[in-house]
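First up is the structure itself, then whatever we jot down about it.
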Protein chains: 2
Amino acid sequence: MDDQLNRVFSALADPIRRDIVARLAVADAGVNELAEPYDVSVQAVSKHLKVLEEAGLVSRTREAQRRPVHLEAEVFDLMTKWIERYRRQAEERYRRLDDVLAEMDPEQTRPDTQRGVS
Amino acid sequence: MDDQLNRVFSALADPIRRDIVARLAVADAGVNELAEPYDVSVQAVSKHLKVLEEAGLVSRTREAQRRPVHLEAEVFDLMTKWIERYRRQAEERYRRLDDVLAEMDPEQTRPDTQRGVS
DNA sequence: TGTCTTATCAACCGCAAGGTTGAACAAGGA
DNA sequence: TCCTTGTTCAACCTTGCGGTTGATAAGACA
């Protein structure tokens, strides 16, 4: 589960792979087709697809000689859940901090007495 | 903007850095404190913090000798926006595909005549 | 059968990333 | 002033990643 997160985040850390995902959101495509816009070899793109596949972001089926690549959008949930969890937790902290400040003597809640809350 | 995405995604691709983010969601902390649970040197953790800072995920202020690290949760939005955009786009595709199938003659929409839609 | 297309495998290269150790810097406190 | 604490800088090592080229596999079709 943690490995899965590793794979998904590092898969999307590469700009070419992010772009591939973006294009697959529009339509399935083969390796050659996908490789066309970039100035790297088809083999390099094939490796990128392998990374995306191992992250569960993409699947390949056979169709004659072609192997159309298909986006598996469910994996996104894994990331958004992780992100939202800590985002919410952090926001909760700030909210509580605000409450504390609100209960304090106004003299002590002037902006220049707060540390980096922005 | 694309660079920022690179930095954020690859910052979170490392399990130690993700864990640091998780802990900072609970409370600010100094480098030594943060390094304690892992069996790597403090310097290594200091490098991790630099990566997180350059991704905009974290900020440091000075407080006596200490330099408390603070989570900046806004950057998460950048990621969730990127993710949601393509997730939605992909889901829209499937919805349209379903419509097409629904309009077809039932004879031709039997499972074994569809290609990997699962 | 041979051949064309599509895609992957294998071996290699350069470089950045994560780790280490040792030194240096910044800011109290004795 | 000197010492201690907290943190970063610098140099180095090793590994993994993205890229290359060349060979190979799997189907379609003459």
Side-chain angles (χ1 to χ4, degrees), chain A residues 2-24 27-71 115-116, chain B residues 2-24 27-71 115-116:
Chain A
D2 201 51
D3 268 12
Q4 175 84 340
L5 270 178
N6 280 344
R7 280 191 288 262
V8 176
F9 274 115
S10 47
L12 294 179
D14 185 283
I16 290 192
R17 286 196 290 261
R18 272 204 311 281
D19 195 60
I20 288 177
V21 166
R23 293 167 58 205
L24 289 176
D28 293 5
V31 179
N32 283 289
E33 194 178 345
L34 285 170
E36 197 271 323
Y38 320 116
D39 58 349
V40 300
S41 66
V42 178
Q43 288 94 322
V45 174
S46 183
K47 281 191 189 178
H48 282 306
L49 290 177
K50 196 177 180 185
V51 172
L52 288 171
E53 187 174 32
E54 281 166 354
L57 280 161
V58 132
S59 67
R60 278 120 129 197
T61 56
R62 186 164 277 289
E63 179 178 295
Q65 311 100 315
R66 308 192 65 239
R67 301 200 62 194
V69 183
H70 178 79
L71 184 63
R115 355 158 309 286
Chain B
D2 200 52
D3 268 11
Q4 175 84 340
L5 270 178
N6 281 343
R7 280 191 289 262
V8 177
F9 274 115
S10 46
L12 294 178
D14 185 283
I16 290 192
R17 287 196 290 261
R18 271 203 312 280
D19 195 59
I20 288 177
V21 166
R23 293 168 57 206
L24 288 176
D28 294 5
V31 179
N32 283 289
E33 194 177 347
L34 286 171
E36 197 270 324
Y38 320 115
D39 59 348
V40 300
S41 65
V42 177
Q43 289 93 324
V45 174
S46 183
K47 281 190 189 179
H48 281 306
L49 290 176
K50 196 176 180 188
V51 172
L52 289 169
E53 188 174 32
E54 281 167 354
L57 280 162
V58 132
S59 67
R60 279 120 130 196
T61 58
R62 186 165 277 290
E63 178 178 295
Q65 310 102 314
R66 310 191 63 238
R67 302 200 60 194
V69 183
H70 177 79
L71 184 64
R115 354 157 309 285

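What you are looking at is a predicted structure, and each value in this text was computed from that prediction instead of being measured. Side-chain atoms are counted along with the backbone in the values below, which use heavy atoms only and exclude waters and symmetry mates. Residue numbers begin at 1 in each chain, while the letters A, B, ... track the order of the sequences.
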Considering only residues two or more places apart or on different chains, which pairs with a residue in residues 13-24 of chain A satisfy side-chain hydrogen bond (donor to acceptor under 3.5 Å, both in side chains)?
Arg17(A)-His48(A), Arg18(A)-Asp2(B), Arg18(A)-Asn6(B), Asp19(A)-Tyr38(A), Arg23(A)-Tyr38(A)

Contact list (N/O, under 3.5 angstrom) for nucleotides 26-30 of chain D vs protein:
{"residue": "dA28(D)", "atom": "O4'", "partner": "Gln65(A)", "partner atom": "NE2", "Å": "3.4"}

Between atom CG of Asp28(B) and atom OG of Ser59(B), what is the distance when rounded to the nearest 0.5 Å?
8.0 Å

Would you please name every residue forming a side chain to side chain donor-acceptor pair (under 3.5 Å) with Ser41(A), sequence neighbours left out?
none

Contacts under 3.5 angstrom, residues 29-37 of chain A side chains, donor-acceptor by atom type, not counting sequence neighbours:
{"residue": "Glu33(A)", "atom": "OE1", "partner": "Gly30(A)", "partner atom": "N", "Å": "3.3"}
{"residue": "Glu33(A)", "atom": "OE1", "partner": "Arg66(A)", "partner atom": "NH2", "Å": "3.3"}

What residues form a side chain to side chain donor-acceptor pair (under 3.5 Å) with Glu53(A), not counting sequence neighbours?
Arg60(A)

Shoot me the first and last contacting nucleotide of DNA chain C against chain B, ordered 5' to 3', at under 4.0 angstrom to non-hydrogen atoms.
dG18(C) to dG28(C)

Compare side-chain N and O positions of Asn32(B) against OP1 and OP2 of dT5(D) and report whether any pair is under 4.0 Å apart.
no

If I take atom CD from residue Glu54(B) and atom CD from residue Gln4(B), how far apart are they, to the nearest 0.5 angstrom?
11.0 Å

Indicate the atoms forming the closest heavy-atom contact of Val21(B) with Leu12(B), along with that distance.
CG2-CD2, 4.0 Å

Please enumerate all residues that pass side-chain contact (heavy atoms from CB on, under 4.5 Å) together with Ala55(A), with sequence neighbours excluded.
Arg7(A), Val8(A), Ala11(A), Leu57(A)

Of the residues in residues 43-52 of chain A, which ones touch DNA chain D at a heavy-atom distance under 4.0 Å?
Gln43(A), Ala44(A), Lys47(A), His48(A)

Between Asp39(A) (CG) and dG19(D) (C1'), how many Å, whole number?
11 Å

Could you note down all residue pairs passing salt bridge (Lys or Arg N to Asp or Glu O under 4.0 Å) where residues 39-50 of chain A supplies at least one of them, sequence neighbours left out?
none

Minimum heavy-atom separation for Val58(B) to Leu71(B), with atom names?
CG2-CA, 4.3 Å

The reported gap from CD1 in Ile16(A) to CG in Leu52(A) (rounded to nearest 0.5 angstrom) is 11.0 Å

Mind running a 4.0 Å heavy-atom check of residues 7-18 of chain A against DNA chain D and sending the residues that fall below it, in number order?
Asp14(A), Ile16(A), Arg17(A)

